[in-house]
Amino acid sequence: MSGRAYIAARIYQQLRAVFGVPPVALYYPQHLLFNHAFVAGVPADVPHDLGAVPWLARYTRLPSDDWPYLYLERPSLPAHYALALAGVLALALLSVGLAAGRGLGQGFDAPMFFLGVGFLLVETKSVTEMALLFGSTWTVNVLVFAAVLAVVLAGSRLVARGLAPRPEPVFALLFVTLGVGALVPVRSLAGLPLGLEWLLGGLLTAAPIALAALIFPRLLATRADPARALGWNVLGGVVGGVAEYGSMLWGIKALYGLAALAYAAAFLARRRALASRAGGA
């Protein structure tokens, strides 16, 4: 079913690219449902007449691992998305502000805010890339979220027992893992033995989250007002959730760059706060 000509053209051209020959195309103008039919893999010597469906030959950008958006005509952020996201930001700011009272306004906790931004960006790209590897199913989503919760819990336990390293080297490793994830194409893992594919895919997606899970509780433990710090972290998470829609414009891999910028801002803000305290002392 295609209510837009470019969607039908995209499916047709994707089938042609995968099978190496144009699919046979049928169009049923009287049908409101299932108005197109494609038969892929037909030998090349079978006639393929597009006279009845000429729009299938129009140019359209094909989806890819980095831009898997079948229903967007071009890289863009639709206006109704922008309005909804603006409403989410306004509601989050109002809700957290009311919950925290005046405490939220007692100084901007930049490290906690930017940690929230980075975490949501990393979590989003993890779900997307694992879905590309193993399918967008409830099983995959459950496994990804379970892995996220497990590494966050493990990081918190390590910090609570005093076993976590200093944040500086953890930040350095975090930037390395983000760089590796940005450079390694997801398709390079496809076709590996299933156990190895799960292992490498899990490492690729979970490593940044595990490292961030070592930083967050370490910084939270130093806050005089944990509730206010968590308020800023929640707001950062909402901003990161909104920023993830930038992948509609720039692609999934761009989320690695946005996450790296967020974590760099958290790192620099922490260094500045430490320097300020040392100077005040």
Side-chain angles (χ1 to χ4, degrees), residues 66 85 88-89 92-93 96 104 107-131 144-145 147-156 158-159 164-184 186 201-223 226 228-274:
D66 190 44
L85 293 173
V88 167
L89 280 176
L93 183 60
V96 176
L104 192 65
F108 174 45
D109 195 332
M112 298 300 291
F113 175 83
F114 287 113
L115 283 178
V117 175
F119 181 82
L120 258 291
L121 290 168
V122 169
E123 181 268 342
T124 300
K125 66 86 185 168
S126 299
V127 172
T128 303
E129 291 190 332
M130 291 296 279
V144 171
F145 290 127
V148 169
L149 293 173
V151 297
V152 169
L153 177 61
S156 299
L158 287 174
V159 172
R166 295 183 302 106
E168 285 74 13
V170 180
F171 268 113
L173 285 175
L174 176 58
F175 293 130
V176 170
T177 58
L178 290 173
V180 171
L183 294 175
V184 174
V186 178
L203 287 174
L204 189 67
T205 57
I209 296 174
L211 293 169
L214 293 174
I215 298 171
F216 172 79
R218 188 77 178 263
L219 269 61
L220 182 62
T222 64
R223 292 318 192 250
R228 185 175 66 86
L230 285 174
W232 283 114
N233 188 253
V234 169
L235 278 179
V238 174
V239 171
V242 170
E244 73 189 45
Y245 286 86
S247 62
M248 290 182 171
L249 290 165
W250 308 303
I252 300 296
K253 289 295 186 184
L255 298 184
Y256 282 96
L258 293 176
L261 289 175
Y263 283 122
F267 174 78
L268 293 174
R270 178 178 180 273
R271 293 290 298 271
R272 189 179 301 113
L274 291 176

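As the structure is a prediction and not an experimental result, all values here were calculated from the model.
- A heavy-atom distance below 4.5 Å is not found between the side chains of V239 and V242.
- Qualifying side-chain hydrogen bond (donor to acceptor under 3.5 Å, both in side chains) partners for T124, counting only residues two or more places apart in sequence or in other chains: E244.
- Without hydrogens or angle criteria, Y263 side chain to V117 main chain gives no donor-acceptor distance under 3.5 Å.
- In this structure, the side chain of R270 does not engage the main chain of E168 through any donor-acceptor pair within 3.5 Å.
- Atom CE of M130 sits about 5.0 Å away from atom OG1 of T205, to the nearest 0.5 Å.
- Here CG of L173 is found 11.0 Å from CG of L178. Values are rounded to the nearest 0.5 Å.
- Of all the heavy atoms in A229 and L220, the pair that sits closest is CB-CD1, 4.0 Å.
- Residues satisfying the side chain to side chain contact (heavy atoms under 4.5 Å, CB included) test with P217, not counting sequence neighbours, are S156, V159.
- Considering every non-hydrogen atom in both V170 and P165, the closest pair reads CG2-CG, 3.5 Å.
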Q | Residue pair W232, F114: steps toward the side-chain contact (heavy atoms from CB on, under 4.5 Å) verdict | A | CA-CA 9 Å; W232 283 114; F114 287 113; over 6 Å; no
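- Around CZ of F175, the count of heavy atoms belonging to other residues, nucleotides or ligands within 6.0 Å exceeds 12.
- For the atom pair NZ of K125 and CG of L204, the computed distance is 5.5 Å after rounding to the nearest 0.5 Å.
- I209 contributes atom CD1, which lies 10.0 Å from atom OG1 of T177 (distance to the nearest 0.5 angstrom).
- Listed here is the closest heavy atom pair of A213 and V152: CB-CA, 3.6 Å.
- A pairwise comparison of heavy atoms in V122 and P208 identifies CG1-CB, 3.9 Å as the closest pair.
- With rounding to the nearest 0.5 Å, the separation of CG in L93 from CG in L89 is 8.5 Å.
- Note that CG of L219 and CG of L214 are 11.5 Å apart. Values are rounded to the nearest 0.5 Å.
- A92 meets the side chain to side chain contact (heavy atoms under 4.5 Å, CB included) test with L235, V238; sequence neighbours excluded.
- The two residues G237 and L120 make their nearest non-hydrogen contact at O-CG, 3.2 Å.
- Partners of F267 under the ring pair (Phe, Tyr, Trp, His ring centres under 6.0 Å) rule, at least two apart in sequence or in another chain, are F171.
- Applying the side chain to side chain contact (heavy atoms under 4.5 Å, CB included) criterion to V127, with sequence neighbours excluded, gives E123, N141, V144, F145.
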Q.
Please evaluate residues N233 and F119 with respect to the criterion side-chain contact (heavy atoms from CB on, under 4.5 Å), reporting the C-alpha separation (whole Å), side-chain torsions for both, the decisive distance (0.1 Å), and the verdict.
A. CA-CA 10 Å; N233 188 253; F119 181 82; over 6 Å; no
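- A donor-acceptor pair is defined here as one N or O able to donate and one able to accept, closer than 3.5 Å; such a pair exists between the side chain of D66 and the backbone of I252.
- Within the structure, every pair that satisfies the side-chain hydrogen bond (donor to acceptor under 3.5 Å, both in side chains) test and touches residues 109-119, not counting sequence neighbours, is listed here: D109-R223.
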